[in-house]
Chemist: 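Submitted below is the structure of interest, expressed as structure tokens.
So that the names make sense, note that chain A is the first sequence line, chain B the second, and so on, each numbered from 1.
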There are 2 protein chains.
Amino acid sequence: MALFSSLTPVFVAVLCVIIGFIIKNSQKKDESRSKEKRSDGGKVRPWVDEDLQDDTEINSKDNEDDYECLETEDENNLHHIPYTPHQYSASEILERSEKFYSLMNLRRSVRFISPEPVPREVINNVILTAGTAPSGAHTEPWTFVVVTDADVKHKIREIVEEEEEINYKQRMGDKWVHDLKRLRTNWVKEYLDIAPYLILIFKQIHGVHPNGKKKTHYYNEISVSIACGILLAALQNVGLVTVTTTPLNCGPQLRALLQRPANEKLLMLLPVGYPTSDATVPDLKRKDLNDIMVNV
Amino acid sequence: MALFSSLTPVFVAVLCVIIGFIIKNSQKKDESRSKEKRSDGGKVRPWVDEDLQDDTEINSKDNEDDYECLETEDENNLHHIPYTPHQYSASEILERSEKFYSLMNLRRSVRFISPEPVPREVINNVILTAGTAPSGAHTEPWTFVVVTDADVKHKIREIVEEEEEINYKQRMGDKWVHDLKRLRTNWVKEYLDIAPYLILIFKQIHGVHPNGKKKTHYYNEISVSIACGILLAALQNVGLVTVTTTPLNCGPQLRALLQRPANEKLLMLLPVGYPTSDATVPDLKRKDLNDIMVNV
């Protein structure tokens with residue numbers, strides 16, 4: 001035992017060296033792994049002009065095994081056709097640009113939505129319009145879920161308001177605490193019950209080929225957001241109002257409620273209808289042209 | 001030495017146990033760390049209906065030290081004003097929704113852009129229109145850089161085509177290889193020289209308060225993408241064409257060339273002009289309404 005105890009310091013030293021080596025190694029591995037991911041992410045992404053890529057993690061193994069790039073072949077098989085749109089005169093083009101700006105500049109996010117019914121064909125048309133957006137390799141990675149069922153609308157409201165309560169309690173005490181009055185304003189969301197339509201926009205983070213292989217949806221979030229921009233323009237064009245909401249942490253529950261597949265993730269929730277006669281909006285101003293535009 | 005060697009198996013056993021313990025522990029730590037991150041990400045994000053949050057990493061420490069949430073106070077100080085937009089009749093609203101859909105449905109991504117000059121006021125108006133988009137807590141996190149200088153346009157083309165070559169060589173041999181014909185099509189981008197305007201859209205990943213503190217820009221990428229959707233609608237409304245491009249890996253070089261600050265990141269590059277008289281587009285079809293809409 002005397003010899004044992006006298007040897008102990010040696011073993012301790014050995015242990016320290018080995019342990020240090022192990023830890024250092026595991027760190028190195030993590031670093032190189034994340035580096036690989038990045039460079040792979042670059043490699044596997046082709047340039048396609050319309051190709052809007054996103055941060056969706058697609059590690060190279062997943063890519064090799066599960067993904068196929070059929071859309072490319074499809075595009076190669078397409079023949080090209082002449083594109084000769086109507087060209088407006090210099091005065092027409094200027095007038096049209098001013099008119100459209102004036103119309104869009106009247107758009108506001110409105111939380112006071114009337115239960116007054118809206119023709120269903122109009123909702124179909126604004127969604128068709130959103131569907132004209134460009135998308136990565138023309139993957140059209142969007143699903144528009146239109147909710148009119150009162151029970152489902154109420155369940156959506158319950159999910160959103162419950163999450164609100166959690167967010168509220170979690171945030172108490174940190175920099176993000178708003179004054180109670182403002183929080184109450186956001187706390188109760190009657191419009192989720194009252195609006196004749198709730199449009200929930202899902203991004204398809206990947207598609208599925210007929211042969212079951214995954215189809216990469218580059219930049220699906222940006223593509224679907226662009227479609228939402230066109231959707232907002234289409235709603236404003238017909239005098240309907242909405243408020244652009246991203247229900248914080250509600251995505252999985254709402255996806256389950258609406259029985260959307262796992263490759264779809266909630267991007268936005270838009271309550272849609274006419275504004276109430278007593279609707280109000282905060283008196284916000286927009287930046288001047290010189291604050292958003294730079295000339296080179 | 002006999003005793004030492006006879007003890008060795010014991011030390012080996014001890015070592016194995018300790019090493020196993022260390023590895024298991026370090027893994028646990030990593031897991032819990034990533035979990036914390038997520039919940040923090042939730043905590044520091046307030047619900048604001050217009051608040052479009054994004055994946056921009058804002059760790060809580062950074063948040064505590066560098067960020068201030070002044071926009072909230074600003075909003076609280078705002079008084080609310082009545083919002084009473086024009087309401088169209090049932091026939092008007094239906095007709096307007098059909099007309100706007102027909103107009104937007106004619107939009108295509110066009111790579112054949114004419115050098116024919118376009119009135120500058122029109123470009124200003126479409127950018128003003130894009131600036132009417134909703135944004136996280138009304139942060140308006142966008143910068144539209146309009147390039148008309150021939151030298152700068154050519155430098156942009158050189159940067160984009162050079163990156164193209166790198167992308168091309170990196171991709172050789174993997175699933176993403178396109179047939180040469182198609183690659184050549186994308187290889188040379190004359191339109192970057194020829195188009196009368198190049199609009200480069202930057203997202204501001206954070207703002208800066210007068211006191212130098214950072215201003216959080218939630219969901220800046222989604223907000224700016226929505227603005228781009230409205231921009232595309234505004235261009236289509238006046239008969240101008242573009243192609244939605246995301247210059248792969250060119251962001252930093254183009255940001256440097258255009259001398260944009262570090263808090264701005266390139267989101268899109270849009271060459272804008274009239275189409276050439278012999279412009280063609282691939283004969284793509286769009287999904288049917290039933291393939292993009294779900295009714296609940």
Chemist: Is any side-chain heavy atom of V294(B) less than 4.5 Å from a side-chain heavy atom of L200(A)?
Modeler: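 The answer is no, as the side chains (C-beta and beyond) never meet within the 4.5 Å cut-off.
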Chemist: Which region of T84(A), side chain (C-beta onward) or backbone (N, CA, C, O), has a non-hydrogen atom less than 4.5 Å from a non-hydrogen atom of chain B, or is it both or neither?
Modeler: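 Only the side chain of T84(A) comes within 4.5 Å of chain B.
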Chemist: Shorter than 4.5 Å, heavy atoms on both sides: which option in V122(A), V281(A), V147(A) has the most such pairs with chain B?
Modeler: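 The residue among V122(A), V281(A), V147(A) with the greatest pair count is V281(A).
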Chemist: Below 4.5 Å from any heavy atom of chain B, which atoms of L240(A) appear? Answer side chain, backbone, both or neither.
Modeler: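 Just its side chain gets close to chain B.
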Chemist: Pick whichever of E121(B), E98(B), K99(B) has the most heavy-atom pairs under 4.5 Å with chain A.
Modeler: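 Most heavy-atom pairs within the cutoff with chain A belong to E98(B).
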Chemist: Side chain, backbone, both or neither: which part of I123(B) has an atom under 4.5 Å from a heavy atom of chain A?
Modeler: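 Neither the backbone nor the side chain of I123(B) comes within 4.5 Å of chain A.
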Chemist: Return the option, out of T143(A), L198(A), L289(A), D291(A), with the maximum number of heavy-atom pairs under 4.5 Å with chain B.
Modeler: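 Heavy-atom pairs under 4.5 Å are most numerous for L289(A).
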Chemist: Run the side chain to side chain contact (heavy atoms under 4.5 Å, CB included) check on T246(B) and Y218(A) step by step: do they pass?
Modeler: CA-CA 11 Å; T246(B) 55; Y218(A) 294 108; over 6 Å; no
Chemist: Of the backbone (N, CA, C, O) and the side chain (C-beta and beyond), which part of S102(B) lies under 4.5 Å from a heavy atom of chain A, both, or neither?
Modeler: neither
Chemist: Among W142(A), Y274(A), F202(A), which residue forms the greatest number of heavy-atom pairs with chain B at distances under 4.5 Å?
Modeler: Y274(A)
Chemist: Could you tell me the separation between the OH atom of Y83(B) and the OG atom of S109(A), rounded to the nearest 0.5 Å?
Modeler: 9.0 Å
Chemist: Spell out, as yes or no, whether a donor-acceptor pair under 3.5 Å connects the side chain of N237(A) to the backbone of R96(B).
Modeler: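 Yes: the side chain of N237(A) pairs with the backbone of R96(B).
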Chemist: Please classify the contact between A234(B) and chain A as side chain, backbone, both or neither, with a heavy-atom cut-off of under 4.5 Å.
Modeler: both
Chemist: Between E92(A), M293(A), K153(A), M104(A), who has the most heavy-atom pairs with chain B when the cutoff is under 4.5 Å?
Modeler: M293(A)
Chemist: What part of L267(B) gets within 4.5 angstrom of chain A, counting heavy atoms only: side chain, backbone, both, or neither?
Modeler: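 Side chain of L267(B) only, per the 4.5 Å heavy-atom cut-off to chain A.
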Chemist: Side chain, backbone, both or neither: which part of L231(A) has an atom under 4.5 Å from a heavy atom of chain B?
Modeler: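 No part of L231(A) comes within 4.5 Å of chain B.
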Chemist: So does T132(B) get a backbone contact from the side chain of R107(A), meaning a donor-acceptor N/O pair under 3.5 Å?
Modeler: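 Yes; at least one donor-acceptor contact below 3.5 Å.
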Chemist: Would a 4.5 Å heavy-atom cut-off, applied to side chains only, mark T280(A) and H79(B) as touching?
Modeler: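 Side-chain contact under 4.5 Å: no.
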Chemist: Strictly distance-based, threshold 3.5 Å: is any side-chain N or O of K287(A) a donor or acceptor partner for the main-chain N or O of G131(B)?
Modeler: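 No, the answer is negative, given that no donor and acceptor are paired below the 3.5 Å cut-off.
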Chemist: Only pairs of heavy atoms separated by less than 4.5 Å count here; which of C228(A), A90(A), S225(A), G239(A) has the most with chain B?
Modeler: S225(A)
Chemist: Looking only at non-hydrogen atoms, find the nearest pair between N125(A) and Y101(B) and report the distance.
Modeler: O-CB, 4.1 Å
Chemist: What closest approach, in Å, do E140(B) and R286(A) show between heavy atoms, and which atom pair accounts for it?
Modeler: OE2-CA, 3.4 Å
Chemist: Show your reasoning for whether side chain to side chain contact (heavy atoms under 4.5 Å, CB included) applies to D283(A) and H80(B).
Modeler: CA-CA 5 Å; D283(A) 189 14; H80(B) 287 233; over 6 Å; no
Chemist: Select, from D288(B), T276(B), N295(B), L128(B), the one with the greatest count of heavy-atom pairs under 4.5 Å involving chain A.
Modeler: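 Ranked by contacts with chain A, first place is L128(B).
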Chemist: Which heavy atom in V238(B) sits nearest to a heavy atom in Y88(A), and how many Å separate them?
Modeler: O-CD1, 3.4 Å
Chemist: With only heavy atoms counted, which part of V145(A) is less than 4.5 Å from chain B, the side chain, the backbone, both or neither?
Modeler: both
Chemist: Please look at V224(A) and chain B and tell me whether the side chain, the backbone, both or neither of the residue comes under 4.5 angstrom of a heavy atom of that chain.
Modeler: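 The answer is neither part of V224(A).
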Chemist: Using heavy-atom distances under 4.5 Å, tell me whether I199(A) contacts chain B through its side chain, its backbone, both, or neither.
Modeler: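 Neither part.
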Chemist: Restricting to non-hydrogen atoms, name the atom on P134(B) and the atom on T244(A) that form the minimum distance, rounded to 0.1 Å.
Modeler: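 So the minimum-distance heavy-atom pair works out to CG-OG1, 3.5 Å.
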Chemist: Within this structure, what is the OG-CD distance for the pair S114(A) and Q87(B), rounded to the nearest 0.5 Å?
Modeler: 7.5 Å
Chemist: Please report the closest heavy-atom contact between F100(B) and I230(A), naming both atoms and the distance.
Modeler: CE2-O, 4.4 Å
Chemist: Is it the backbone or the side chain of P82(A) that comes under 4.5 Å from a heavy atom of chain B, or both, or neither?
Modeler: both
Chemist: I'd like to know which of N124(B), L232(B), V126(B), V152(B) tops the heavy-atom pair count under 4.5 Å against chain A.
Modeler: N124(B)
Chemist: At a heavy-atom separation under 4.5 Å, does L269(B) approach chain A through its side chain, its backbone, both, or neither?
Modeler: neither
Chemist: Quick check against the 3.5 Å criterion: does H138(A) have a side-chain atom that pairs as donor or acceptor with the backbone of K285(B)?
Modeler: yes
Chemist: If you tally heavy-atom pairs under 4.5 Å against chain B, which of Q259(A), H86(A), E95(A), E116(A) wins?
Modeler: E116(A)
